[in-house]
Structures are given as C-alpha cells and as structure tokens.
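These notes are about the structure you will find just below.
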Amino acid sequence: MPELPEVETTCRGITPHVLCSPILSVIVRDSRLRWPVPDDLSASLTGGEFARIERRAKYLIFHHTRGFLIAHLGMTGSMRIVSPQEPARPHDHIDIGFANGVVLRYHDPRRFGSFHWVEGAVLSHPLLNSLGPEPLSSEFTGRYLHDRARGRSQAVKLFIMDAKIVVGVGNIYANEALFAAGIDPRRAAGRISLARYDHLAQHIKRILTYAINRGGTTLRDFVGGDGKPGYFAQELHVYGRGEKPCTACDEPLRETRLGQRATVFCKRCQN
DNA sequence: ATGCGGACCTGTTAGC
DNA sequence: TGCTAACAGGTCCGCA
C-alpha cells in the first residue's frame, strides 16, 4: 500500500534506469486498472523517451517527448526494473521496454492503480488540478492548516487525509502524526488551535521525511527484486496496534473507525 | 461548498 | 483441514 514515501522512493529508484532511452515496446497484459488503460498507450509512448519523472501527490508524472504519462500505484501497485527475458509473474500488467535493454514493469494485484496519457498542460489534468500543497513544501504550515480548517466540523484525521487540503497523508501516517502531535483524531478540524496545527504540520513533515530516507536504503530492490520498499512496522506507534499499550503511557490504545478506516489513538495522550 | 457513504479489487487473516 | 466471510485501504463519484 504505497503512501507518499513509497511513491517518492519508486520515483527515485526507477529514474536512473529509464531516462533518455527510446521506448521500443509497450505491453499491456491487462488493461483493467481502476480506469481502463488507454488503447493507444503503446502508440503514444513508442518511439519517444522520458526526459524526467516527477512525483506529485502519489502520482508519478513521466515527461515524454510527446506528452505525459501519469501513473498511480493505487493500493498495491509497484514498479520494478527487469530484463526483457524475465518472465512475467501474475499481476504484472504493463511492461515498457527501452532501447537500453531494461523493462519497466508494473505490478498490481488489486488493480487500484491507473495509467493516463495526456498532451498539453499536465497539471491541468482533472486528477491533478485540485490537489492541495505537497506536505514537504514550505507552503504547508500549521497556519495553512488552521486557515483551511476554519468552520469545518469534520474530524481532523479525515481533514488531513483530504487531498484537496494536503496530499500524500494516507491512513498510516495520519494515525502516526496525530499521535505524535497529541491530537485526538476525532476532534473537529475547526476546533484546533494554531499552536497545535503547528505541531501537527511539523510532525507530518518529520515522519514523511524519515520514511523517505529509510526508503532510500531499499533502492536496490527496484532492480530485479519485487520493487516493494515495505514498512518498518516496528517503528509505528499506533497504526496496527489497537488494544496494545501506548508507547508513551502504557494505557491500551483505542481502535475505532473514521471514514471507514482503521483509526488508533491513545485516549490519555491525545485530546 | 461540505461531508459522508459506496464502489472498485484480491491477498491475507479470522472464524466456523 | 477446508471453506466462507471479513478485512485492508487510496481515491473518485454521487448524493444529501
């Protein structure tokens, strides 16, 4: 389940292997992703090359000679670099083959991911044009959150997971950041002080940055391996630890649901 | 505009 | 042991 650090790690991991090499072939074994893979994806890509790959939110944007490939990894998507001889495994849905002899292979068991081809202004694409700021940008601050939260009754956890507010904060990191900031995930977003939002924004940045740096140690996995950076479950304070003792006060952690997602917090440490 | 539930999908885990 | 059911979660969509 790629969150922002995994997507960033994927971007950095595949970039050196696929940049500036002509695309020779595109194989779509299964076009049934979240949205159907465009029929003409191969025609669009073949013959051109990628000049740059960037991440925006959890999307990967491939700058191509003639346009842009936008890819999302969904819940279970991953990309890895393989040789053309490497037999495709189950759920290996898309291959992009390059003149330099490598294949970029997309793997996605649940098929929640998606591939889009766009020409023209890529950031105007409907999937990208209403996204909030990047959490690691200078634009993302406690003051920004505080301003956007004015008058909102929505639970703060759902608020920070809303991509229109800020991108890239998935369920795991939302749980962890709220614990670190000592904020009850159920609290109404509009009833949190600026000082507390300052702390929350800082913790979101700290946790995401840490995870990205840790992801860097698994970059080699993008060649030949399964391309899955993986989590460091032993470093999570609340996610997946319902009923276990709080790492700060030993009180059993409470587990509930917010927006149909697992929400874990400490009733004593978070309010 | 905001907020919420439903839908998508399948590997893994829990329960009978 | 074998089968079925629940669960996991990012994101878009549609409705209130």
Side-chain angles (χ1 to χ4, degrees), chain A residues 1-11 29-37 55-61 70-79 88-94 106-116 118 123-135 145-178 185-192 204 208 211 226-231 233 236 238-244 255-265:
Chain A
M1 49 203 93
E3 297 227 26
L4 185 143
E6 284 73 21
V7 181
E8 178 67 28
T9 300
T10 297
C11 184
R29 293 186 195 79
D30 193 337
S31 62
R32 299 172 304 160
L33 300 188
R34 172 158 194 190
W35 290 286
V37 177
R55 180 191 60 73
R56 171 71 175 114
K58 295 177 187 172
Y59 294 92
L60 291 169
I61 303 174
I70 305 174
H72 197 285
L73 303 180
M75 288 290 303
T76 54
S78 62
M79 292 187 178
R89 302 196 285 229
H91 311 303
D92 283 344
H93 304 311
I94 299 175
Y106 178 70
H107 175 90
D108 188 0
R110 290 186 202 168
R111 310 202 314 267
F112 272 24
S114 60
F115 276 58
H116 313 262
V118 305
L123 294 180
S124 301
H125 190 276
L127 290 171
L128 304 178
N129 68 6
S130 59
L131 293 174
E134 289 287 328
L145 283 176
H146 190 254
D147 286 350
R148 293 295 304 264
R150 282 178 73 103
R152 293 185 74 142
S153 60
Q154 187 183 39
V156 62
K157 178 164 178 264
L158 299 180
F159 173 70
I160 61 172
M161 290 178 69
D162 182 345
K164 291 186 176 63
I165 302 301
V166 58
V167 302
V169 182
N171 194 40
I172 295 174
Y173 295 114
N175 277 297
E176 294 298 316
L178 287 164
R186 304 167 298 180
R187 177 174 285 270
R191 317 198 94 186
I192 293 174
I204 289 171
L208 289 174
D226 61 9
K228 292 176 185 168
Y231 284 109
L236 299 173
V238 287
Y239 182 80
R241 296 194 65 246
E243 312 312 322
K244 293 196 175 73
E255 175 145 11
T256 181
R257 304 214 127 234
L258 230 36
Q260 308 168 95
R261 285 186 200 89
T263 301
V264 189
F265 64 103

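- The distance between atom CG of A:Leu33 and atom C1' of C:dC12, rounded to the nearest whole Å, is 15 Å.
- For the OP1/OP2 pair of C:dG10 and a distance below 4.0 Å, the side-chain nitrogens and oxygens of A:Tyr173 include no atom meeting the criterion.
- Using a 4.0 Å cut-off, some side-chain N or O of A:His72 falls inside it from OP1 or OP2 of C:dT11.
- Note: A:Leu158 CG to A:Gln260 CD = 10.0 Å, rounded to the nearest 0.5 Å.
- In this structure, CD1 of A:Ile70 is placed 11 Å from P of C:dC12, rounded to the nearest angstrom.
- Listed by first and then second residue, the salt bridge (charged side-chain N to carboxylate O under 4.0 Å, His left out) pairs that reach into residues 153-167 of chain A are A:Arg152-A:Asp162, sequence neighbours excluded.
- Between the CZ atom of A:Arg110 and the C1' atom of C:dA6 there is a distance of 13 Å, given to the nearest Å.
- The C1' atoms of five pairs define one axis at each end of the helix from B:dT2-C:dA16 to B:dC16-C:dG2, and these two axes lie 50° apart (to 10°).
- By the side chain to side chain donor-acceptor pair (under 3.5 Å) test, A:Arg191 is found to be paired with no residue, residues two or more places apart in sequence or in another chain being considered.
- Residues forming a salt bridge (charged side-chain N to carboxylate O under 4.0 Å, His left out) with A:Glu8 (at least two apart in sequence, or on another chain): A:Arg12, A:Arg55.
- In this structure, CZ on A:Phe265 lies 10.0 Å from CD on A:Glu255, to the nearest 0.5 angstrom.
- A search for side chain to side chain donor-acceptor pair (under 3.5 Å) contacts involving A:Arg56 returns A:Glu134, not counting sequence neighbours.
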Working for side chain to side chain contact (heavy atoms under 4.5 Å, CB included), residues A:Leu145 and A:Ile192: CA-CA 10 Å; A:Leu145 283 176; A:Ile192 293 174; over 6 Å; no
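- Note: NZ (A:Lys58) to C1' (C:dT11) measures 9 Å, nearest angstrom.
- Using a 4.0 Å heavy-atom cutoff across all strands shown, A:Leu73 reaches no nucleic acid atom at all.
- Across all strands, A:Ala262 comes closer than 4.0 Å only to sugar-phosphate atoms, never to a base (heavy-atom distances).
- The distance from atom CG of A:Leu128 to atom C1' of C:dC12 is 13 Å, rounded to the nearest whole Å.
- Not counting sequence neighbours, A:Lys58 has no partner by the side chain to side chain donor-acceptor pair (under 3.5 Å) test.
- Across all strands shown, A:Phe159 has no heavy atoms under 4.0 Å from either base or sugar-phosphate atoms.
- Remark on DNA chain C: of its neighbouring residues A:Trp35 and A:Glu255, the 5'-side contact belongs to A:Glu255, judged by nearest-heavy-atom nucleotide.
- With a heavy-atom cut-off of 4.0 Å to chain A, the contacted part of DNA chain B has its first and last nucleotide at B:dG3 to B:dG11.
- Every residue meeting the side chain to side chain donor-acceptor pair (under 3.5 Å) condition with A:Asp108, not counting sequence neighbours, appears here in chain and number order: A:Thr76, A:Tyr106.
- Residue contacts shown for A:Arg111 are limited to sugar-phosphate atoms, with no base heavy atom under 4.0 Å away.
- A:Arg148 pairs by the side chain to side chain contact (heavy atoms under 4.5 Å, CB included) definition with A:Tyr144, A:Phe159, A:Ile165, not counting sequence neighbours.
- Toward the 5′ end of DNA chain B lies the nearest nucleotide of A:Gly151, the other residue of the pair A:His91 and A:Gly151 mapping further downstream.
- Note on A:Ser153: only backbone sugar-phosphate atoms sit closer than 4.0 angstrom, heavy atoms only; bases stay farther off.
- For the pair A:Leu60 CG and C:dT11 P, the computed distance is 12 Å after rounding to whole Å.
- In this structure, A:His125 atom NE2 and C:dC12 atom P are separated by 10 Å, rounded to whole Å.
- Separating the CG atom of A:Asn171 from the C1' atom of C:dT11 is a distance of 13 Å, rounded to the nearest angstrom.
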